[in-house]
Amino acid sequence: METLKEQKKETKSPTTIRMSGAEAIIHCLLAEGVDLLYGYPGGAIMPVYDELYKFQDKLTHVLTRHEQGATHAAQGYARVTGKVGVAMATSGPGATNLVTGLADAQIDSTPMVCITGQVPRHLLGSDAFQETDIIGISTPVTKWNHQVTNVEEIPEVMAKAFYIARSGRPGPVLVDITKNAQFDELDFSYEHCTGVRSYKPVPKPSMEAIKAAAELINNAKKPFIVFGQGVIIGEAEEELKALVEKAGIPAAWTVLGLSAMDTDHPLNVGMVGMHGNYGPNILTNECDLLIAIGMRFDDRVTGSLDTYAKQAKVIHFEIDPAEVNKNVPADVAVLGNSKETLSLLLPKINENSHEEWHNQFKEKYKIEYDAVIKEELHPTKNGLTMAEVIKEINIATGHKAVIVSDVGQHQMIACRYAKFKQSKSNITSGGLGTMGFALPAAIGAKMGAMDREVVAIIGDGGYQMTIQELGTIFQNKTPVKIVVLNNGHLGMVRQWQELFFESRYASTVMSNPNFVKIAEGYDITAKKVTERKDLKATVEEMIASKDAYFLEVAVEKEDNVFPMIPSGASVSDIRLK
């Protein structure tokens, strides 16, 4: 990318106002349409907080209990709204506490702008109190970052930050602002950034590639679609549905693609990946055409690349050229925003049904139902299963809730069994797998969608990584619903230890506190369910509540999540038990 002076700009507005850099930052946020941000104050960012205090009627700041919580809350807000999430922190440890959230947002393509304070310019490089090279630290986990040392840079840098964060394949941006730049004054005017030289966020679609893709689809006997979050980011849900229905192609989702298509749609055949459904995984290696839309062929989806879909032609619809041919070679690469490229493709597609091919998915589903799903949803044993908890939440919310899941067994169960009718309903940490993500992300999601029910599904391990954010719920009276599925273990690690390490449960047994009392300490209604007879009524009570609600469910300690593709194995080697 070019220097700021080389950045393409519109004609400057003749209207300028004299103000401090700190006040300018607030005006930049307002100009970008920000009305909500998350953060934690400290010495190096205090001038901005002082100005924020004066703008409380226009800009709501949510004080989280940890800076990591601020980033995850900003992510939850961004994922449910499609807007840029904003987080703010001070220098040193405040800034470094943002790094996990930045890395999570980077790999999951979440638009976020983080603002950090920094020691004054004359102290840079002197190991001053709470000085940390956050630019160097965050470079690998941001889409762009920049350190502002001169007050005059603030409007241009902030405009560029928001443009880069939201354009093309979205991602996190960090702006580090020295304290002198916050105190100094400038003649403020603001222009929205409309382009950066050498940065082409959306490739222009090739009609040749579109025609080649259409020809492959029209001639395929066993076509198979795998769709990811790129469909949601590109707002291409209707185009995906139209393609699936017109061509009669079975379609499966990645973890982050879940909710882009109604989960009960007859052509939606389930989830691919390590704990995905049996049919979509097995039949990946039997299709003659694999159509990847807005997904990046993550290793948890492909398993062994040496055996992944080698018999099939591959069409890859992707906005980021760097993802094409990175893991799986594409016979046809269709670059561009998925909404635009699918719109160009649709008129060239012939109507079809592929009934025999579709019946193979139904047959495989029957095998999985009998081997796994039946017992999980309708257990014959006394102990509660995670799946039946998700089932009751589905029923109580009418498949309309936003489900925010943490990382572990409960995450995979939630992704397998949650039912959705609306896009932007499944929020989870995909690529980074961040334990502790769900509680703060659910806060952000609820604040971004107050008209929707937001339910956090969390394990007893991940819950305790960010349990302090109960304080944020308490202070802001955020009516989020929290469900902790407590099996007394770090469940996913324990499962691997059982299957691959001869049941040596090294450091995975959890001695947990009284979660109900902790929630009650934050004035949150809390209950614990240990028996099946109490589950349905308690879930209904939770969903009916107009306030925050905490529900702990004691589930089986040694239940495993199946199907499962062992790490490094082929998708054809998926295990049902």
Side-chain angles (χ1 to χ4, degrees), residues 68 71-76 78-80 82 85 87 98-112 114 138-144 165 168-174 226-234 252-260 271-276 292-305 308 316-328 338 403-412 414-416 424 426-438 440-441 444-445 457 459 462 465-466 492-493 561 565 567-568 571:
Q68 181 181 342
T71 58
H72 294 329
Q75 286 179 273
R79 294 270 288 275
V80 82
L98 301 177
V99 172
T100 297
L102 287 167
D104 196 287
Q106 173 81 334
I107 200 165
D108 282 355
S109 305
T110 305
M112 181 167 67
C114 289
S138 66
T139 294
V141 293
T142 51
K143 190 176 177 183
W144 182 67
R169 179 181 179 178
V173 170
L174 182 135
V226 178
F227 60 91
Q229 190 181 208
V231 173
I232 298 171
I233 294 170
W253 69 76
T254 67
V255 165
L256 294 184
L258 175 56
S259 85
M271 184 170 75
V272 292
M274 180 171 282
H275 291 287
I293 306 176
M295 55 86 77
R296 58 188 180 84
F297 291 111
D298 177 77
D299 64 290
R300 286 294 174 102
V301 167
T302 66
S304 171
L305 288 171
Y308 183 77
H316 196 173
F317 288 82
E318 176 59 50
I319 197 169
D320 185 356
E323 294 295 348
V324 176
N325 298 321
K326 186 175 81 173
N327 293 326
V328 175
S338 56
I403 302 294
V404 185
S405 56
D406 211 75
V407 172
Q409 288 181 315
H410 61 280
Q411 176 192 33
M412 294 296 99
C415 289
R416 282 175 53 80
K424 297 186 177 72
N426 174 59
I427 298 173
T428 193
S429 172
L432 195 65
T434 304
M435 290 178 68
F437 172 87
I457 307 295
M465 288 192 171
T466 52
M492 187 61 82
V493 183
V561 182
I565 302 169
S567 181
V571 292

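Treat the numbers as computed from the prediction; the structure is a model and nothing was measured. Counting begins at 1 with the first residue of the sequence. The figures that follow rest on heavy atoms only: side chains count, while hydrogens, waters and symmetry mates do not.
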When rounded to the nearest 0.5 angstrom, what distance separates [atom1] in [X] from [atom2] in [Y]?
X    : Y    : atom1 : atom2 : result
S429 : D104 : OG    : CG    : 3.5 Å
K326 : L305 : NZ    : CG    : 11.0 Å
Q229 : I293 : CD    : CD1   : 15.0 Å
N327 : D298 : CG    : CG    : 8.0 Å
L258 : I427 : CG    : CD1   : 11.0 Å

Check whether any side-chain heavy atom of [X] sits under 4.5 Å from a side-chain heavy atom of [Y], and report yes or no.
X    : Y    : value
L256 : T428 : yes
M435 : D406 : yes
V226 : T254 : yes
H275 : M492 : yes
D108 : R79  : yes

If you take all heavy atoms of A445 and V80, which pair is closest and at what distance?
-> O-CG1, 3.5 Å
Reference residue E323; test side chain to side chain donor-acceptor pair (under 3.5 Å); the match among R296, R169, H316 | R169
